[in-house]
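Heads up, the thing below is written out as structure tokens.
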Amino acid sequence: MIGKHHDKVVGSVVDALAPLADGMTILVGGFGLSGNPEALIRGVVERGVRHLTLVSNNAGNLGKGLATWLKAGIIDKVICSYIGGNEDLHTRMASGEVKVEVTPQGTLAERMRAAGAGIPAFYTPTGVGTVVETGKETKEIDGRRYLLERARPGDVALVRATMCDRFGNLRFWRTGRNFNPVMATAAKLTIVECDSLVPNGAIDPDDVHLAGIFVHRIVHVPEHENAFEFRTTRKR
Amino acid sequence: MIGKHHDKVVGSVVDALAPLADGMTILVGGFGLSGNPEALIRGVVERGVRHLTLVSNNAGNLGKGLATWLKAGIIDKVICSYIGGNEDLHTRMASGEVKVEVTPQGTLAERMRAAGAGIPAFYTPTGVGTVVETGKETKEIDGRRYLLERARPGDVALVRATMCDRFGNLRFWRTGRNFNPVMATAAKLTIVECDSLVPNGAIDPDDVHLAGIFVHRIVHVPEHENAFEFRTTRKR
Amino acid sequence: MFTTEMMARRAAQEIPEGAIVNLGIGLPTQVADHLPRGHAWLHSENGLLGMGPFPFEGEEDANLINAGKQTVTVLPGGSTFDSASSFAMIRGGHVDLAILGAMQVSATGDLANWAVPGGKVMGIGGAMDLATGCRRVIAMMQHVTKKNEPKLVARCDYPLTATAVVGLVITELGVFEPNGTGFRVVELAPGVTREQAAALSGAPLL
Amino acid sequence: MFTTEMMARRAAQEIPEGAIVNLGIGLPTQVADHLPRGHAWLHSENGLLGMGPFPFEGEEDANLINAGKQTVTVLPGGSTFDSASSFAMIRGGHVDLAILGAMQVSATGDLANWAVPGGKVMGIGGAMDLATGCRRVIAMMQHVTKKNEPKLVARCDYPLTATAVVGLVITELGVFEPNGTGFRVVELAPGVTREQAAALSGAPLL
């Protein structure tokens, strides 16, 4: 689609998610429950699409975030790097309800970066000599063996930004950045949920974390739960 | 070398360039004469090293910038994307004094990005069916043919930043950014020339363009020529 | 015949509202003059999106330039980024349209625009990435060389930039679309006949 | 025997001044408590360099966490970045040292630390990238399993994380260096004899 870079701001999560369809591959930003596009995640369950392939570092946790997709039974497959204590995923993986592909975290990020950058495949040392190597081509380069990893594009990316202008230039907050920018580059349709929506020009060109060229729909969601997983503190 | 991330600020260009040696591959930031590490470029000529391989988008222009390295006879080979009107390079290429490897600009950038990211090689569609394909492996992926391109690391990177803190966190100004950050990641030793040197903490963590992990030596150079190539203007 | 200004205006009509466009060095750069304000977003491969017009005199910044190394400005909503990110945009198919100068275009859409056989090597620059990566490529050129040789050809004999990429060619004689066996005549410039254009082309006009 | 605190302190001694260090989840995280202020720069693979201590109560930010998803702070000179950039740092060899938990370490430096055969799959996370990419890898673990099986082994039978990467192992019994055929005893914990350690190891101590 050419010329989609006008009028990106939509009025509601429902409007933002209108193009979703059954069977799509959806990339969802976040690291555990941090940096999650919370309203879009809720909206997908309400939207009623099914048989999704979810690409996410963790697929939720503590029954929250993307774990709600698992509980709603709308996911056929998860591509993630870490499961940990995500019981909703453990249960469905054990029962066979959800297929799970576990990928090294850096490889997962790089596969999406490659998809966004027009690189169909790349070699990496990560996973050589491990189960990750199974079924993959290898190549010796300068005396060291590497795995060939393929780009991982998505149909849709759901992204959380702290600030967004009307063209879709994004800024992220602290480690809420994580997979969000790289996923935004890797999908045919990138939908952004932003804490604050500002006019074009409000973000200095040098201060843009991700250029609006990668963004297609924007929904402004001022309030977020920002759930904690481990609220560790020190004494004053 | 482990543990080199203390005391990066050196007092002079001469000190900064002390580790250079004959025969090194040097990556130099800049797009034409913009975003050039001007004092470091001058310093390398004064340093007296020779037989260098220079990786630069343009290798200078108008007799300025890296063209001074050509005139000083210290370069054996140039890896660049564009020569254009750089007569100092045309002359030496024609005489055989300097070997020139011309690479598509995006491939040049990506090869250095790969070097910095531990990716030894990647596939790209750029150059397929052209002279760039000569001597390279190709592979068909999902019905399309791609070239295998190799990472392009350097011994030293010379980088221009507009702002730098003492750990080496960098900010760039406008299109002066260009190849600077990606070259900084691709070299064993990265030397930064900054317009302004600020204390750690002066740059907000979210506003760092390139993290100081990639920077090893810093020299503060407040004054720059910032030469124009085409000073185009419009009437008021 | 089209003047170069008419060619630029005609090329501008090919740019949909809200498109991301990269304009090559030379004639394509002039296309920007014919775009309504805010109509499209201009990308410059040295690391700028949302490129504005030349600066007012006295406001030139040597570190705010386009890929032709001319001083430019940045519009509200614009952004700057490094070369690897810029070419990720291009190679990844995020730039909707490239309008590029050309030396030869073949009936199968092959583009030659970076080197003349036996001539000085000027380098590749961003040409191959742009031609390969942008979703649509429009070539702008004079219809024939200075020696009157056709530049719309059955098969390029100049060094290729990319194969099967050109969607449309705009010359002073008209607008042509490579269709595999020749060029479909989309439009002829005022006063130009199909026979005249055909006589100056190296592949059938269809 | 070393207490876990002594193990953490011992590991901290392996960190040169000005190093970039990634501390794995669990016991390695405690190593930070034994580093002098400003001694090293802590990297967290979710996108943070210059990680500081836990925040004061009331200052927790759910979007400022470490890779173990604990709330943390960022020190002056710190920076944030996306996951692809973070793993570019790791894979590209820019992180000087990783201190990681382990389930088995072999005499050739193979590391197994992400899955127990037949156990629940917890996932890989950043473990393989860290073990493969960081210039030096130190493993911290209990010397034997809960079933008293040795974890210093001739050859790992747990699923591997990476091969030939571990430079040093710190257990409650001492400090050991894989040397190809066994483990060189760098240091024994107070009250531990070489014979005791050897009896609990699955490969020769040398």
Side-chain angles (χ1 to χ4, degrees), chain B residues 31-35 57-58 61 80-86 90 93-94 100 102-110 112-113 116 124-132 160 162 172-183 185 209-210 224-236, chain C residues 25 29 44-48 51-74 78 80-91 93 110-112 114-115 120-133 159-164:
Chain B
F31 187 88
L33 301 177
S34 79
N57 191 57
N58 311 76
N61 202 10
C80 66
S81 95
Y82 193 71
I83 303 167
N86 186 348
H90 278 296
M93 183 166 56
V100 178
V102 176
T103 302
Q105 196 173 131
T107 299
L108 184 62
E110 189 68 14
M112 290 187 283
R113 193 265 171 195
T124 175
T126 303
V128 169
T130 77
V131 295
V132 170
R160 164 83 177 276
T162 187
F172 305 93
W173 175 254
R174 301 301 189 239
T175 57
R177 193 173 330 189
N178 58 65
F179 282 86
N180 283 297
V182 70
M183 285 175 165
T185 70
H209 289 158
L210 187 83
H224 287 91
E225 179 186 358
N226 293 322
F228 291 94
E229 291 187 49
F230 300 101
R231 198 163 179 157
T232 43
T233 57
R234 64 185 147 139
K235 292 266 150 53
R236 274 175 200 277
Chain C
I25 296 173
T29 302
S44 189
E45 66 266 29
N46 54 315
L48 176 60
M51 183 167 60
F54 294 150
F56 291 122
E57 255 177 65
E59 295 181 0
E60 309 93 311
D61 178 345
N63 290 314
L64 180 48
I65 61 173
N66 64 17
K69 290 154 194 168
Q70 297 170 310
T71 47
V72 295
T73 53
V74 54
T80 51
F81 31 84
D82 68 77
S83 299
S85 302
S86 184
F87 282 91
M89 295 176 187
I90 293 167
R91 203 189 308 101
D110 292 357
L111 173 68
W114 71 278
K120 237 184 192 176
V121 177
M122 301 301 274
I124 298 167
M128 288 190 184
D129 297 286
L130 286 163
T132 305
L160 290 181
T161 305
T163 59

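Convention: sequence-line order gives letters A, B, ...; per-chain numbering from 1.
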(message) Taking side chain as everything from C-beta outward and backbone as N, CA, C, O, which of these in C:Glu45 sits under 4.5 Å from a heavy atom of chain B? Side chain, backbone, both or neither.
(response) both
(message) To the closest 0.5 Å, what do you measure between CE (B:Met183) and OG (C:Ser83)?
(response) 8.0 Å
(request) Kindly indicate, with the supporting measurements, whether the criterion side chain to side chain contact (heavy atoms under 4.5 Å, CB included) is fulfilled by B:Trp173 and C:Asp61. (result) CA-CA 10 Å; B:Trp173 175 254; C:Asp61 178 345; 2.7 Å; yes
(message) Please check: side-chain N/O of C:Asn63 versus main-chain N/O of B:Ser34, any donor-acceptor pairing under 3.5 Å?
(response) no
(message) Please classify the contact of B:Arg113 with chain C as side chain, backbone, both or neither, using a heavy-atom distance under 4.5 Å.
(response) side chain
(request) Could you walk me through whether B:Gln105 and C:Phe87 pass side chain to side chain contact (heavy atoms under 4.5 Å, CB included), step by step? (result) CA-CA 8 Å; B:Gln105 196 173 131; C:Phe87 282 91; 3.4 Å; yes
(request) Give a yes or no on whether the backbone of B:Thr232 and the side-chain of C:Thr71 come within a donor-acceptor separation of less than 3.5 Å. (result) yes
(request) Please indicate whether C:Glu57 has more than 12 foreign heavy atoms, meaning atoms of other residues, nucleotides or ligands, lying under 6.0 Å from its CD. (result) no
(request) Give, as side chain, backbone, both or neither, the part of C:Ile90 having an atom under 4.5 angstrom from any heavy atom of chain B. (result) neither
(request) Search all heavy atoms of C:Ala84 against all heavy atoms of B:Val182 and return the closest pair with its distance. (result) CB-CG2, 4.1 Å
(message) So does B:Gly106 get a backbone contact from the side chain of C:Arg91, meaning a donor-acceptor N/O pair under 3.5 Å?
(response) yes
(request) Output the option from C:Ala67, C:Ser44, C:Gly47 having the highest count of non-hydrogen pairs under 4.5 Å with chain B. (result) C:Ala67
(message) Applying salt bridge (Lys or Arg N to Asp or Glu O under 4.0 Å), can you list everything that pairs with C:Glu60, at least two apart in sequence or on another chain?
(response) B:Arg231
(request) With rounding to the nearest 0.5 Å, note down the distance linking CG in B:Leu33 to NZ in C:Lys69. (result) 8.0 Å
(request) Any chance you could measure B:Thr175, atom OG1, to C:Asn66, atom CG, to the nearest 0.5 Å? (result) 8.5 Å
(message) As an exercise: rank C:Ile65, C:Leu130, C:Thr161, C:Leu48 by heavy-atom pairs under 4.5 Å with chain B and give me the winner.
(response) C:Ile65
(request) Tell me, out of C:Val74, C:Thr163, C:Leu160, C:Thr73, who's got the most heavy-atom pairs with chain B below 4.5 Å. (result) C:Leu160
(message) I'd like to check the side-chain hydrogen bond (donor to acceptor under 3.5 Å, both in side chains) partners of C:Ser85; sequence neighbours left out, ordered by chain and number.
(response) C:Asp82
(request) State, to 0.1 Å, how close B:Val131 and C:Trp114 come at their nearest heavy-atom pair, and which atoms those are. (result) CG2-CZ2, 3.4 Å
(message) Keeping B:Thr126 on the side-chain end and C:Met128 on the backbone end, is there a donor-acceptor pair under 3.5 Å?
(response) no
(request) Could you grab the distance from atom CG of C:Asn46 to atom CZ of B:Arg174, nearest 0.5 Å is fine? (result) 13.5 Å
(message) When you compare the side chain of C:Asp129 with that of B:Thr107, does any pair of heavy atoms fall below 4.5 Å?
(response) yes
(message) For the CZ atom of C:Phe81 and the CG atom of B:Asn178, what is their distance to the nearest 0.5 Å?
(response) 12.0 Å
